[in-house]
There are 2 protein chains.
Amino acid sequence: METTYPVEDKVGSMLQKGGEHFHPGLSVDCVIFGFHDNQLKVLLLKMKHADKWALPGGFVYKEEDVEHAAVRVLESRTGLSDIFLRQYHTFGAPARSDRKLNRELLESVGMEPHEGHWFLQRFITVGYYALVDFSSAVPRPDEISEACAWWDLQEIPLLTMDHNHILQKALETLRKQLNDQPIGYNLLPEKFTMPELQRLYETILGKRLDRRNFQRKMLGYGILNRLEERKQGVAHKAPFLYSFNQERYGAALQDGLQQGW
Amino acid sequence: METTYPVEDKVGSMLQKGGEHFHPGLSVDCVIFGFHDNQLKVLLLKMKHADKWALPGGFVYKEEDVEHAAVRVLESRTGLSDIFLRQYHTFGAPARSDRKLNRELLESVGMEPHEGHWFLQRFITVGYYALVDFSSAVPRPDEISEACAWWDLQEIPLLTMDHNHILQKALETLRKQLNDQPIGYNLLPEKFTMPELQRLYETILGKRLDRRNFQRKMLGYGILNRLEERKQGVAHKAPFLYSFNQERYGAALQDGLQQGW
DNA sequence: TCAAAAGTGTTTTTTCTACACCCATGC
DNA sequence: GCATGGGTGTAGAAAAAACACTTTTGA
């Protein structure tokens with residue numbers, strides 16, 4: 001089922017016509033995680049007419065599935081489709097909307113910020129987090145932003161509105177996901193080494209793990225295929241390459257890994 | 001911070017004035033769990049002018065925190081405040097709104113279902129689940145419903161719209177909660193026996209557990225106080241009574257019980 | 001007095017934890 | 001040749017699973 005939605009060609013027309021096209025007072029925000037240089041990265045946007053960075057987000061068309069809106073944001077910012085995306089929380093505090101900021105944005109594009117303008121209403125936002133392969137994702141700013149870039153999780157600046165909070169909550173959810181679901185398929189390249197997978201886990205958890213116990217536990221999940229080849233051109237002993245067993249990985253995502261009861 | 005919101009005195013005025021007071025296209029639905037007779041129960045409403053039962057839900061006032069709306073629904077249906085409430089998912093499929101049903105409802109109260117009426121728009125709903133003490137909760141229907149009652153989880157009928165789906169998802173979330181957080185404080189009376197707590201777990205999980213291993217594990221969490229007294233007037237050997245250690249229970253909710261990594 | 005439910009403990013199995021040793025590679 | 005990272009195995013501790021005996025009570 002393919003549906004076409006109007007495209008915002010520029011800030012002005014979006015802000016002007018938004019009220020007609022979008023579901024009122026509703027947005028989605030995506031925390032897009034990538035992994036590179038043994039660091040967890042997050043994709044951030046720098047909006048025009050704003051001095052702070054923000055999470056990539058967007059509005060939901062009137063008859064669009066909310067999740068579809070998140071997929072759309074994701075695809076337009078990274079060029080990737082068919083990736084891991086999960087809704088984790090909806091942020092509904094009235095104070096989270098920064099009317100002053102939005103009013104200034106309206107004025108900056110020469111629009112009259114009249115009372116009742118759709119963009120000046122209070123917004124509820126549905127938070128999604130995504131796991132993407134850093135090397136295949138190509139960050140691209142949209143019409144209303146001047147930059148789009150990966151940020152190291154350790155160096156996240158003060159973001160707009162409540163976006164630091166939204167990001168923090170995504171990270172907590174991701175950490176919990178490790179406890180009953182596998183992670184890696186979407187964050188690592190097709191072929192990867194066990195140490196690389198371990199770095200990923202360590203980065204998400206923020207602590208170091210024992211090399212041998214990690215390998216045993218991970219192999220015990222039965223979701224990995226060890227390939228014949230080893231990683232080329234590395235210092236020291238060449239580690240084996242692995243890939244995920246699609247079927248078993250999917251089943252593990254579905255059924256969970258270890259259940260306490 | 002106490003805020004007063006307009007009260008819907010009856011269906012007509014709510015449907016008529018709703019557009020002025022409520023955040024457009026947004027609702028909350030609550031899956032209220034109780035435990036009685038060794039059975040997990042859910043509180044359902046029977047709406048006037050409708051033949052199906054529904055989850056208790058409501059709309060969100062324009063400047064009201066979404067969570068506050070859920071608390072409001074909960075309090076008005078059960079008479080309880082300060083209970084366990086958790087947001088678990090937001091349902092945003094366009095097809096979930098049953099316009100036909102709402103149109104009929106409008107007509108049934110003598111209102112013109114004109115195009116663009118707020119009640120005929122597509123709705124996003126934020127799902128919350130609550131755990132309440134069955135014996136202190138007093139089910140009370142609101143102005144727009146003719147009945148409010150506890151239903152056995154095994155006997156849930158076909159509900160309105162996507163409410164069966166919303167309920168199912170709440171149950172899944174509740175099951176997962178058992179794996180890293182304690183449950184019971186809100187579902188059981190102040191004093192309870194170990195077998196009662198075990199029945200609760202068994203009911204949620206849908207499977208039987210070993211009596212002795214359950215007790216060992218549960219005591220190991222260190223969240224229980226064993227009281228001096230035993231349950232009175234029961235057949236067979238009288239079991240000890242327990243209560244939850246508030247401080248430790250709260251800490252366990254906060255920090256989690258067992259973390260896989 | 002006996003069936004049913006509850007309290008407590010023990011054995012076995014499995015999993016987790018903490019290590020030690022050898023191998024390959026680049027400098 | 002040696003420091004660094006990677007592959008593999010093993011002993012001890014801890015947790016989970018399986019199971020048995022005794023006590024209390026109402027019918």
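Within every chain, numbering begins at 1; the chains are lettered A, B, ... in the order of the sequence lines, protein sequences first and strands thereafter.
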When only distance counts, do a donor and an acceptor, one from the side chain of B:His236 and one from the base of C:dA5, lie under 3.5 Å apart? no
Between the side-chain atoms of B:Arg212 and the base atoms of C:dG7, is any donor-acceptor pair under 3.5 Å?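 Side chain to base: no pair below 3.5 Å.
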On DNA chain C, compare the nucleotides closest to A:Asn213 and B:Pro239; which residue's is nearer the 5' end?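 Its nearest nucleotide being more 5', the pick is B:Pro239.
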Ion pair present between B:Lys176 and A:Asp180, side-chain N to carboxylate O less than 4.0 angstrom? no
In this structure, how many angstroms lie between the [atom2] atom of [N] and the [atom1] atom of [X], rounded?
X: B:Met218; N: D:dA17; atom1: CE; atom2: P; result: 13 Å
X: A:Leu209; N: C:dC19; atom1: CG; atom2: P; result: 16 Å
X: B:Arg211; N: D:dA16; atom1: CZ; atom2: P; result: 19 Å
X: B:Gln198; N: C:dA5; atom1: CD; atom2: P; result: 12 Å
X: A:Phe214; N: D:dG9; atom1: CZ; atom2: P; result: 19 Å
X: B:Leu197; N: C:dG7; atom1: CG; atom2: C1'; result: 16 Å
X: A:Arg216; N: D:dA11; atom1: CZ; atom2: P; result: 13 Å
X: A:Phe240; N: C:dC23; atom1: CZ; atom2: P; result: 14 Å

Where the side chain of B:Lys237 is defined as all heavy atoms beyond and including C-beta, which of C:dG7, D:dA3, C:dT10 is the nearest nucleotide?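 Given the options C:dG7, D:dA3, C:dT10, the side chain of B:Lys237 is closest to C:dG7.
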Indicate the ring-plane relationship of A:Phe91 and A:His165, choosing parallel, tilted or perpendicular according to the 30° and 60° boundaries.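 Rings of A:Phe91 and A:His165: perpendicular, as their planes differ by over 60°.
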Classify the ring geometry between A:Tyr129 and A:Phe84 as parallel (under 30°), tilted (30 to 60°) or perpendicular (over 60°). tilted
Taking the six-membered ring of B:Trp261 as reference, does the cationic atom of A:Lys217 (NZ for Lys, CZ for Arg) lie under 6.0 Å from its centre and within 45° of its axis? yes
Suppose we call two aromatic rings close when their centres sit under 6.0 Å apart. Are A:Phe214 and A:Tyr201 close by that rule? yes
Closest-nucleotide ordering on DNA chain D, the 5'-leading residue of B:Arg230 and A:Gln215: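 Whichever sits nearer the 5' end wins; that is A:Gln215.
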So, does B:Arg226 get its side chain near the phosphate of C:dT8, meaning an N or O under 4.0 Å from OP1 or OP2? yes
